[in-house]
Amino acid sequence: MRQISVLLVDDHAGFISAAMRHLRRLPWLTVAGTASNGVEAIAQCEVLRPDVVLMDLAMPEMGGLQATRLIKAQDNPPYIVIASHFDDGEHREHALRAGADAFVSKLAYIHEVLPLLEALAGVDGAGNDTEASA
């Protein structure tokens with residue numbers, strides 16, 4: 001198991017708060033910071049160097065797709081998960097073309113994002129270290 005750092009990017013403070021409530025319970029995860037648009041996300045990635053960015057798709061100033069393209073152009077880019085209420089094949093395809101590593105629906109956010117984070121950290125669904133048992 002490894003500790004992973006996460007940057008939360010969303011223009012809705014309520015969504016950020018809800019995600020933080022869930023993610024702070026995970027002993028192997030640290031919320032490194034937050035951003036409310038793509039411009040802030042790019043700057044935060046350069047400063048914080050998170051392992052994972054959980055990025056909203058639609059935001060003011062710069063959306064998640066453009067921010068993902070620019071973050072993925074950085075040296076050692078983080079794993080990027082795009083989250084959106086627009087959960088259809090077209091939006092998923094656009095996210096992957098922009099360089100996102102995964103796409104999750106905001107309607108099932110925690111249920112879809114937790115397995116991705118657990119895999120990156122090397123823990124199973126019960127919080128056990130999968131690397132130690134390998």
Side-chain angles (χ1 to χ4, degrees):
M1 172 173 50
R2 73 181 188 107
Q3 187 77 20
I4 60 171
S5 63
V6 174
L7 174 66
L8 294 173
V9 184
D10 200 290
D11 58 323
H12 291 95
F15 186 83
I16 292 274
S17 294
M20 287 182 83
R21 272 194 312 273
H22 290 286
L23 297 176
R24 283 188 173 149
R25 297 179 190 163
L26 306 173
W28 43 266
L29 185 143
T30 302
V31 176
T34 63
S36 61
N37 62 53
V39 174
E40 290 177 11
I42 293 165
Q44 290 285 62
C45 281
E46 290 173 353
V47 172
L48 301 173
R49 308 300 296 165
D51 299 305
V52 179
V53 176
L54 301 178
M55 176 100 64
D56 187 18
L57 180 69
M59 296 177 288
E61 292 187 55
M62 180 187 293
L65 296 180
Q66 185 177 359
T68 296
R69 284 185 199 96
L70 295 171
I71 291 168
K72 283 297 191 175
Q74 295 175 352
D75 291 332
N76 299 317
Y79 186 93
I80 297 179
V81 179
I82 296 284
S84 179
H85 287 291
F86 306 108
D87 185 11
D88 57 58
E90 184 177 345
H91 284 94
R92 286 177 178 267
E93 184 178 329
H94 287 302
L96 297 176
R97 281 188 184 169
D101 298 289
F103 183 100
V104 298
S105 168
K106 278 193 170 179
L107 301 176
Y109 186 75
I110 292 299
H111 296 293
E112 290 186 16
V113 85
L114 269 180
L116 296 170
L117 296 174
E118 288 168 347
L120 291 170
V123 296
D124 64 17
N128 299 312
D129 186 346
T130 58
E131 294 172 1
S133 61

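For T30 and Q3, the side-chain atoms include at least one donor-acceptor pair closer than 3.5 Å.
Evaluation of the side-chain hydrogen bond (donor to acceptor under 3.5 Å, both in side chains) test over residues 58-70, restricted to residues two or more places apart or in two chains, returns N37-E61.
The backbone N or O of E40 lies less than 3.5 Å from no partner atom in the side chain of Q44, so there is not a single donor-acceptor pair. Side-chain atoms of R49 do not come within 3.5 Å of backbone N or O of P78 as any donor-acceptor pair.
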Just distance, no hydrogens or angles: give the donor-acceptor pairs under 3.5 Å from side chains in residues 8-23, sequence neighbours left out.
unit_1, atom_1, unit_2, atom_2, d
D10, OD1, H12, N, 2.8
D10, OD2, K106, NZ, 2.5
S17, OG, A13, O, 3.1

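Taking CZ of R2 as the reference point, atom CH2 of W28 lies at 10.5 Å (rounded to 0.5 Å). With rounding to the nearest 0.5 angstrom, the CG atom of L117 is 12.0 Å from the CD atom of E112.
Between L65 and R97, the closest side-chain pair of non-hydrogen atoms is not below 4.5 Å. Residues S36 and M59 are not in side-chain contact: their nearest non-hydrogen atoms beyond the backbone lie 4.5 Å or more apart. Side-chain contact between V6 and D51 is absent, with no heavy atoms from C-beta onward closer than 4.5 Å. Two residues are said to be in side-chain contact when any heavy atoms from C-beta on lie closer than 4.5 Å; M62 and L70 meet this criterion. Side-chain contact between L54 and V113 is present, with heavy atoms from C-beta onward closer than 4.5 Å. Within the 4.5 Å cutoff, the side chain of L116 has heavy atoms near those of the Y79 side chain. Using a 4.5 Å heavy-atom threshold, the side chains of L26 and E118 count as separate.
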TODO: Applying side-chain contact (heavy atoms from CB on, under 4.5 Å), run through V53 and C45 and close with a yes or a no.
DONE: CA-CA 8 Å; V53 176; C45 281; 3.5 Å; yes
TODO: Start with the C-alpha distance between D101 and K72, add both sets of side-chain angles, then the distance that settles salt bridge (Lys or Arg N to Asp or Glu O under 4.0 Å), and finish with yes or no.
DONE: CA-CA 10 Å; D101 298 289; K72 283 297 191 175; 2.7 Å; yes
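The two atoms that bring L57 and S84 nearest to each other are CD2-OG, 3.4 Å, heavy atoms only. Contact detail for I80 and M55: the closest heavy-atom pair is CG2-CB, 4.4 Å.
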